[in-house]
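Chain letters run A, B, ... following the sequence lines, proteins first and then strands; every chain starts at 1. When reading the values below, keep in mind they use all heavy atoms of this one structure, side chains included, and skip hydrogens, waters and symmetry mates.
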Amino acid sequence: MSRYNPKEIEPKWQAAWAKSGISEAKDFDPKREKYVMLTEFPYPSGSGMHIGHMREYTLGDIMARQKRMLGYNVLFPMGYDAFGLPAENYAIKNHISPQQATEEAVANFQNQLESMGFSFDWSRSFKTTDPDYYKWTQWLFLRFFKAGLAYQAEIAVNWCPFCKTGLSNEEVINGRHERCDTVVTKKLIKQWMLRITDYADRLIKGLDTLDYPSRIADQQISWIGKSQGAEIKFAIVDQKDLSISVFTTRPDTLYGATFMVLAPEHPLVEQITTKEMKAEVKNYIESSATKSELERQSSEKNKSGVFTGAYAYNPATKEKIPIWIGEYILMGYGTGAIMAVPAHDERDFEFAKEHHLKIKYVVKPAKGELRDDLPFINEGVVTNSSPKYDALPSSTVREKIVTDLTKSGQAKERVNYRLHDWIFSRQRYWGEPIPIIHCPKHGAVAVKDEDLPVLLPEVENYEPSSNGESPLAAIKEWVNTSCPICGLPSRRETDTMPNWAGSSWYYLRYFDPHNSSAFADPAKLKYWGSVDLYLGGMEHTTLHLLYSRFWHEFLFDQGLVPTPEPYLARRGQGIVLAADGTKMSKSKGNVVDPKEVIDSGYGADALRLAITFLAPYDQTTPWSPEALGGTYRFLQRFWTLVDQYLDSKAAATKDDTELKKLINRVGKQVSQDLEQMSFNTAIAAMMEGLNGLYKLKAADHFKSKDWQWALETFTKLLSPFAPHLCEEIWQRLGNKQLIQLEQWPGYEERWLKQESVSIAVQINGKLRGELNLAIGKSQDEVVASALADPKIQAHLTGKELKRVIYIPDKLLSLVV
RNA sequence: GCCGGAAUGGCGGAAUUGGUAUACGCGCACGACUCAAAAUCGUGUUCCUUUUAGGAUUGAGGGUUCGAUUCCCUCUUCCGGCACCA
C-alpha cells in the first residue's frame, strides 16, 4: 500500500521534465506538423497570479500536452510583458527601482508557473525589458516612422493625473484609467501617434478570415465603428474664405438642416464668433474645458449651448442658418461640427427645443402621419425639399444629393471611423525609449539602425513629473546628443512607448528568440507562420488584440512577415470569480493563491482539474473550494485503484470485452471533448470511466488480462490534465519512457458497438415505458414488443392507434 | 438606447441534425468501519401526491410538432461591450 502524495511526486516530475527538454519545440521539424499555441503574455506584478490566471495556462497546457501526444511539433512559449505602468507603479509605491520590482515579480511568477507543472518551452522565454528584445521593438517602431505611420501631433489627449501620463482611447474605460481607476482629464501635449486608422478597414475585413468567437469580432467591429456618409461644406456668411465641413450619414435630410453646431474645441470658433457674442462664448468654452469626460457624459440629457452670432449658408436651400456651439458635439468624431437636422435627429431635436430653433421636416413616413412633437429618425419619403428629390425614398436621395453636390465641390463621400489614431507616447520612465532624435535643422530624425537599442538609462528619480515630461528629460547627459544626419547638437525624444508596444509583436520573437541580427529569421517566420490558437482574456479585445493585429498587418505590408494575420484562432476564457460571486481583488482579500492551494496538500494536479472542471472554459464562474476536494478524491481513487492492481496477485487469464468497451468509450469522449475544448465534460467522462473501472474490479478482482492495458490507457487519457500523477503511475505500471512521449490513445470504433439497447416508448408524447431489445430491430418488431408489454397495454386499452413513429434503436412514439 | 451572451435540482453544471431532462462533481441524509472523530467505502438524493403508481418541472407566457432545454414570437431578469458617434 502506498499513498497518493502530490507534495512528493510533483516537484520530482517537474525537475524530470525540465531536464528532458520534452517541452521544447524544434525549428523546421520535417516529420511533424507544427502547432503554435499562445496564452496571454503576462505583465509581472508584485501581487502574483491568482487561480483565475491559472485557468488560461492550465487550458493551454492541457491542449499543448495532448497535441504533442497527437504527434504535433508544439510551440507553447511563455515570457513576460514587463515594461509599463503596473510594474512601475508598484515600484514607486514600495520605494524600489522598476528594474528590481520587475526582477522580483518575474521570479515570483516563474515560481508559480513552475509549481503548476506547465509544459512551456522555457528555452524561448524573454522579457520585453531585455535590451536584446526592445532593440527590435524600437527597430519596428522605426519602420512605422519611415513609412509615415508614426507621426507627432499636438492634440488634447486623455491624461491620467495619478499616473501623470497621456493615454490612448482604448485605455480609458468609463472615463477612468483602466490601470488605476483615476478619472481622466484632457491635456494638450505633443504626442507620438500611430496611424491605426489607415488599417481600420483591413482590421474589419481581416476578421472574415479568422476563427474568432463572434463576441470578440463584434466587439472589434463596433470599436472601429465604421460609418458611411458624406462630408458637406457649409460656407460662412460674410466670411468668404471660411467654410465649415460636417460629416453626416443622412445627406438626404440636408434640406432640413436649420442650424449648425460646433464642438467647443473647434478651431474655427474664435474666428467666426461675433464681437457681441465673444464674452458669452468664451465663458461657455472655459466652463466645458474644465469638465472631465466623465462629467460631460453625466450631463447627457442636458443640451447646453451658445450662439456664436455667425451664420452659414445651407448649400441646398441657400438659407442663412445660425451657428451654435454645443458640448454634445465631440471634437474627436467626424469633423467636430454638424449640420443640425432637428426634425430627424433626437439630439438636434432636443437642442432646438431648448434654444427655440427652427424645426423643418423633410422626410415623412411611407405610411402613416408625421408627428410634429417628435423627431422622425427612420427612413421614409423625401418631402419639402426640391422637386428633384421630393416623393423619392430617402435612401435613394441620400446618394443623389451627394452626387449632385460633389459636382460643385460642396460635398464628397466619406467613410468615418470611431477609431482614433493610437496615442503612442507615455510621459513615464519604465518603457522603451522612442528612438528619435530632434534636430534643430532636420526635425524628428530616426536613430540609425546600427545604434539601436537606445538603452533606457538608469536613473535616481523615476517618479513621473507633473509638467507633462517624462523623467528622462531630466537626464541631460542622456538627452543631449547629435543629429544622425548633420551632427548638430540635438535632443533625444524623452517619451517612452506604452506597455502595448512590446506585446504587439512578441509572438514573432518566440519563433527565433535569440536572433541578434534580425527580429526573427525569415525562414523561421515562414516555418512557424501564424499562431494557430491564442487563448486570452476578453479584456484585451480592443486593446492588445487589436493593436497587435494592426502591427502585424503593417509588417505584412512591409514584407517583414509572411502571413497577413497574427492569430488564426482566438478563444477567450471566462473570469474566475471569488466564491462569493464578486471579482477577486486584493483589496477585498478574496484572492485565491494557487501556491497556497498546492502547498495545503491538494497539489497542482487537483487544482488543475478543479479549475478546468468548474464550468465551460469560456464562462465566467465563481470559484468553489469544495470542487477541489472532489477532484482530489478522484485522483486519489485512481491512485488507489492502481495500487490495488499492483498489489493483487490475481492470475490474469481471461479477455474482458467490458474493459475494452469502457476504456474505448472514455477515449472517444475525451478525444472529442478536447477537440471542442469542452474540458469540463472530458473530466466528467473520466470520472465516469473511473467509476466504471471500480465496478468491473468489484466483479473480477483484476482477473482479466486487459487490466494492464486499461490502466495504462486511462493514464494516458488523464495525463494532459493531471500530468504529475499520471507520470508517476505510468512509471509504477512498469514503463520507463516519459508518458508525454507516448501516443494519444484515442479509441477503436469496433469496441463501441452495442448489442442491445433500451428503447423509450412514448404514448401521446409521454414516456410510458422502456424496452430492452437487441440492436437493429424493425419497426414492426418493436411495436409488437411494445404491445406485449403490460405497462404499455394499460395505457392503450380502449384506444385506437393512429400513428407510429420509430427512431431506430432509440425511441418509439405511439399516437392514440 | 444599441450590439453580444446567458437563465436547467440546495450549489457548479450535463444533454445539438428536435427523440428517455437533471450526466459528472459538490452539498446533504442514512449505513459500514471507529471508543469517537476525520479519512475511506456503500446507499439514497428535482419537486408534489392518496408512493407496486400518478402528476408537475429546464426564467414567464404563447406557437410549431407525435415529441421542444433545443426551433419561432412576446416578455422578465442577469452578465459583458459600446454609448450625445452626427
Rounded to whole Å, please give me the gap between [atom1] in [X] and [atom2] in [N].
{"X": "A:His540", "N": "B:G81", "atom1": "NE2", "atom2": "P", "answer": "13 Å"}
{"X": "A:Arg637", "N": "B:C24", "atom1": "CZ", "atom2": "P", "answer": "11 Å"}
{"X": "A:Asp618", "N": "B:G81", "atom1": "CG", "atom2": "P", "answer": "16 Å"}
{"X": "A:Ile575", "N": "B:C79", "atom1": "CD1", "atom2": "P", "answer": "13 Å"}
{"X": "A:Gln219", "N": "B:G4", "atom1": "CD", "atom2": "P", "answer": "12 Å"}
{"X": "A:Leu254", "N": "B:A86", "atom1": "CG", "atom2": "P", "answer": "17 Å"}

What does [X] touch in the nucleic acid at a heavy-atom separation under 4.0 angstrom: a base, only the sugar-phosphate, or nothing?
{"X": "A:Ile338", "answer": "base"}
{"X": "A:Thr681", "answer": "sugar-phosphate"}
{"X": "A:Pro622", "answer": "nothing"}
{"X": "A:Glu626", "answer": "sugar-phosphate"}
{"X": "A:Asp345", "answer": "nothing"}
{"X": "A:Arg414", "answer": "nothing"}
{"X": "A:Glu770", "answer": "base"}
{"X": "A:Ile221", "answer": "nothing"}
{"X": "A:Asn416", "answer": "nothing"}
{"X": "A:Thr541", "answer": "nothing"}

Quiz prompt | Residues which pass side chain to side chain donor-acceptor pair (under 3.5 Å) with A:Thr317, listed by chain and number, not counting sequence neighbours | solution = A:Glu319
Quiz item: Does A:Glu379 have any side chain to side chain donor-acceptor pair (under 3.5 Å) partners at least two apart in sequence or in another chain, and if so, which?
Solution: A:Ser394, A:Arg398
Quiz item: Taking all atoms of both residues into account, what is the closest heavy-atom pair of A:Ile763 and A:Ile792, and its distance?
Solution: CD1-CG2, 3.9 Å
Quiz item: On RNA chain B, nearest-nucleotide positions of A:Ile173 versus A:Ala337: which is more 5'?
Solution: A:Ile173
Quiz prompt | Closest-nucleotide ordering on RNA chain B, the 5'-leading residue of A:Gln636 and A:Ala615 | solution = A:Ala615
Exercise. For RNA chain B, determine which residues of residues 688-696 of chain A have any heavy atom closer than 4.0 angstrom to one of its atoms, and list them numerically.
Key: A:Glu688, A:Asn691
Practice problem: Could you list by number each residue of residues 667-679 of chain A showing a heavy-atom separation from RNA chain B of less than 4.0 Å, or answer none if no residue does? | Solution: none
Looking at [X] and [N], is any side-chain donor or acceptor paired with a base atom of the opposite kind under 3.5 Å?
{"X": "A:Ser222", "N": "B:C82", "answer": "no"}
{"X": "A:Ser758", "N": "B:U20", "answer": "yes"}
{"X": "A:Lys802", "N": "B:C66", "answer": "no"}
{"X": "A:Gln762", "N": "B:G19", "answer": "yes"}

For atom [atom1], what is the distance between [N] and [M], given to the nearest Å?
{"N": "B:A15", "M": "B:U8", "atom1": "C1'", "value": "10 Å"}
{"N": "B:G4", "M": "B:C84", "atom1": "C1'", "value": "22 Å"}
{"N": "B:C47", "M": "B:A21", "atom1": "C1'", "value": "14 Å"}
{"N": "B:C11", "M": "B:G1", "atom1": "P", "value": "31 Å"}
{"N": "B:A23", "M": "B:U69", "atom1": "C1'", "value": "15 Å"}
{"N": "B:U34", "M": "B:A39", "atom1": "C1'", "value": "11 Å"}
{"N": "B:C33", "M": "B:G27", "atom1": "C1'", "value": "23 Å"}
{"N": "B:U74", "M": "B:U20", "atom1": "C1'", "value": "31 Å"}

Quiz prompt | Test ring-ring contact (aromatic ring centres under 6.0 Å, His included) applied to A:His344 and A:Tyr361, step by step | solution = CA-CA 7 Å; A:His344 305 291; A:Tyr361 287 86; 5.8 Å; yes
Is a donor from one side chain sitting under 3.5 angstrom from an acceptor on the other, for [X] and [Y]?
{"X": "A:Asp673", "Y": "A:Thr681", "value": "yes"}
{"X": "A:Glu40", "Y": "A:His540", "value": "yes"}
{"X": "A:Thr582", "Y": "A:Asn590", "value": "yes"}
{"X": "A:Asp780", "Y": "A:Tyr806", "value": "no"}

Do any side-chain nitrogens or oxygens of [X] fall under 4.0 Å of OP1 or OP2 in [N]?
{"X": "A:Arg803", "N": "B:C66", "value": "yes"}
{"X": "A:Thr621", "N": "B:G13", "value": "yes"}
{"X": "A:Lys766", "N": "B:A56", "value": "yes"}
{"X": "A:Asn680", "N": "B:A14", "value": "yes"}
{"X": "A:Arg768", "N": "B:G55", "value": "yes"}
{"X": "A:Gln619", "N": "B:G5", "value": "no"}
{"X": "A:Arg418", "N": "B:A83", "value": "yes"}
{"X": "A:Arg633", "N": "B:G27", "value": "yes"}
{"X": "A:Arg347", "N": "B:C85", "value": "yes"}

Quiz item: Does RNA chain B take part in any stems of at least 3 consecutive Watson-Crick or G-U pairs (both distances under 3.5 Å), and if so, which ones?
Solution: B:1-7 with B:76-82, B:10-12 with B:24-26, B:27-32 with B:40-45, B:46-49 with B:53-56, B:59-63 with B:71-75
Exercise. Can you spot which of A:Asn158, A:Ile173, A:Val157 makes a side chain to side chain contact (heavy atoms under 4.5 Å, CB included) with A:Val184?
Key: A:Asn158
Exercise. Measure the shortest side-chain to side-chain distance between A:Met584 and A:Ile51 over non-hydrogen atoms and say whether it is less than 4.5 angstrom.
Key: yes
Exercise. Answer yes or no: are there more than 12 heavy-atom neighbours, outside A:Gln619 itself, under 6.0 Å from its atom CD?
Key: yes
Quiz item: Between A:Glu354 and A:Lys303, is there a salt bridge with N-O shorter than 4.0 Å?
Solution: no
Quiz item: Can we say A:Lys226 and A:Asp201 salt-bridge, meaning some charged N sits less than 4.0 Å from an Asp/Glu carboxylate O?
Solution: yes
Practice problem: Could you note down all residue pairs passing salt bridge (charged side-chain N to carboxylate O under 4.0 Å, His left out) where residues 629-640 of chain A supplies at least one of them, sequence neighbours left out? | Solution: none
Practice problem: Check each of A:Tyr284, A:Phe351, A:Phe259 against A:Trp324 using the ring-ring contact (aromatic ring centres under 6.0 Å, His included) test, and report the only one that passes. | Solution: A:Phe351
Practice problem: Taking the six-membered ring of A:Trp223 (Phe, Tyr or Trp), confirm whether the NZ or CZ of A:Arg418 is under 6.0 Å from its centre and within 45° of its axis. | Solution: yes
